[in-house]
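Working notes for the structure below.
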Amino acid sequence: MAQLWGGRFTKETDKLVYNFNASINFDKRLYRHDMEGSIAHAKMLASIGILTEEELDQIQTGIEGILEDVENGSLEITEEYEDIHSFVEAVLTDRIGDAGKKLHTGRSRNDQVALDMKLYTRDEIVAVRTEIYHLLETCQNLMEKNLYTAMPGFTHLQKAQPLTLAHHIGAYMEMFKRDYSRLTDIYARMNYCPLGSGALAGTTYPLDREMTASLLGFYGPTLNSMDSVSDRDYVIEFLSALSLIMMHLSRFCEEIILWNSNEYGFVEIDDTYSTGSSIMPQKKNPDIAELVRGKTGRVYGALLSLLTTMKGLPLAYNKDMQEDKELTFDAYDTAKGCIVLFNGMLKTMSFHPEVMEKSAANGFTNATDAADYLVGKGVPFRDAHTIVGQLVLHCIDKGISLDEMSLEEYKAISPVFEEDIYDAIAIATCIKRRNTIGAPGPEAMMRVISLNQRWLEENQDK
Ligand code: ARG
């Protein structure tokens with residue numbers, strides 16, 4: 001096991017130490033980004049005369065060959081190398097000779113790994129944002145279709161007021177839009193290139209950091225070499241955005257699990273997204289929703305882990321920072337996978353509007369509207385609240401709903417009630433009249449849906 005840094009050592013590293021220190025098993029997934037960074041670095045070295053055009057050509061062709069071989073499976077990234085950086089440099093030198101040894105001029109693994117992690121994370125931010133966009137399209141589609149699908153709205157998981165499925169899904173639409181824009185913000189803040197920062201204090205070579213930054217699609221170079229090699233804020237920010245996404249998915253999953261239960265019967269998760277029981281033949285379980293809810297903990301764990309790893313580190317690079325990878329990669333994979341699966345489940349789920357509507361009607365969700373009706377007839381709201389409380393008590397006693405009471409029963413509690421109470425408390429009326437912006441009334445919802453449409457168009461292909 002030849003090491004990049006073997007020169008000043010007289011003894012071989014202990015095997016256990018070697019394994020404990022090595023990161024190849026998990027940083028091998030940075031191979032593409034590592035090679036992309038190396039090509040940019042080599043081009044820049046050639047532009048300032050440190051490499052000849054011929055050396056650059058050898059390096060570039062060499063790295064491209066390695067990339068191809070890794071991707072077609074003919075070259076395996078093995079534990080023989082300490083990390084992905086050592087792997088690329090060693091194989092390159094093996095293949096092209098001395099020019100390969102010049103690649104690391106003016107570079108440290110500290111700025112190299114900072115770059116690789118940034119390039120990788122940047123791609124993941126874009127990939128996650130794309131999946132969130134697809135999820136938003138599904139939500140928008142469901143909203144358009146369910147403008148009039150009545151359902152109960154809950155507080156404390158108790159039926160509260162009637163609303164629509166479009167409105168309920170609209171709440172998640174807002175969450176996912178915020179998630180989307182959070183990812184855009186993170187991207188804008190993190191997209192500066194650390195390459196050229198060296199180990200911590202820059203280099204004595206006249207590196208053109210503007211050039212490498214631009215070759216790699218960054219807005220420009222980072223401005224402090226110590227910060228550049230020790231900054232993992234963008235990973236933490238991304239993990240935090242992923243944690244919020246998972247929290248949103250998890251809440252939605254929790255609702256879908258409830259809605260999918262026999263007791264609610266609001267929805268049925270498609271067979272393709274459900275699983276059975278090995279013993280109970282009747283079962284069709286919402287495992288996917290439960291797993292998404294469950295995996296949320298893993299993503300939070302990665303966030304907490306990295307925050308903790310970073311909190312006591314003196315400037316600049318410390319090996320602790322190698323711990324930024326395993327859980328982070330797991331969190332990236334987990335969150336991205338969950339968004340895709342959740343979107344598929346939501347798209348294929350069937351809704352039962354009759355059940356939802358019936359549930360909205362049986363549970364006094366229109367009690368506030370009955371009070372508002374009295375207010376409309378001149379009764380002060382506080383008195384109206386008490387009167388409707390008496391109506392509810394009467395209904396509970398008789399096992400009926402408000403619209404099943406006779407006008408005589410109404411009048412016995414308050415003479416103000418007239419025949420028009422029935423229309424006032426019809427679920428459709430209750431919903432239709434809630435038309436302040438953000439409310440479930442179809443007119444208000446149509447405005448929101450068209451604003452969302454514009455939002456989707458503006459954010460397409462970003
Ligand atoms: N494997 C290391 C990491 O992931 C790369 C940087 C190593 N730098 C060093 N000075 N040992 O952080």
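Counting starts at 1 for both ligands and their atoms, following the listed order.
- Looking from atom 1 (N) of ligand 1 to the surrounding protein, the closest heavy atom is Gln322 OE1, 2.7 Å.
- Thr309 and Asp320 form no side-chain donor-acceptor contact under 3.5 Å, judged by distance and modelled atom types alone.
- Looking only at heavy atoms of the protein, atom 6 (C) of ligand 1 is closest to Tyr317 OH, 3.4 Å.
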Could you walk me through whether Asp57 and Thr61 pass the side-chain contact (heavy atoms from CB on, under 4.5 Å) check? CA-CA 6 Å; Asp57 194 50; Thr61 325; 3.9 Å; yes
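- Between the side chains of Ser225 and Ser197, not a single donor N or O lies within less than 3.5 Å of an accepting N or O.
- Taken to the nearest 0.5 Å, the CG atom of Asp270 stands 6.5 Å off from the NZ atom of Lys284.
- Nearest to atom 9 (C) of ligand 1 by heavy-atom distance, out of Asp111, Asn110, Leu30, is Asn110.
- Atoms of ligand 1 found under 4.0 Å from any heavy atom of Asp83, numbered from 1 in the order shown, are 1 (N).
- Taking only non-hydrogen atoms, the option from His85, Lys319, Met117, Lys325 nearest to atom 5 (C) of ligand 1 is His85.
- Formation of a donor-acceptor pair under 3.5 Å by the His167 side chain with backbone atoms of Gly438 is found in this model.
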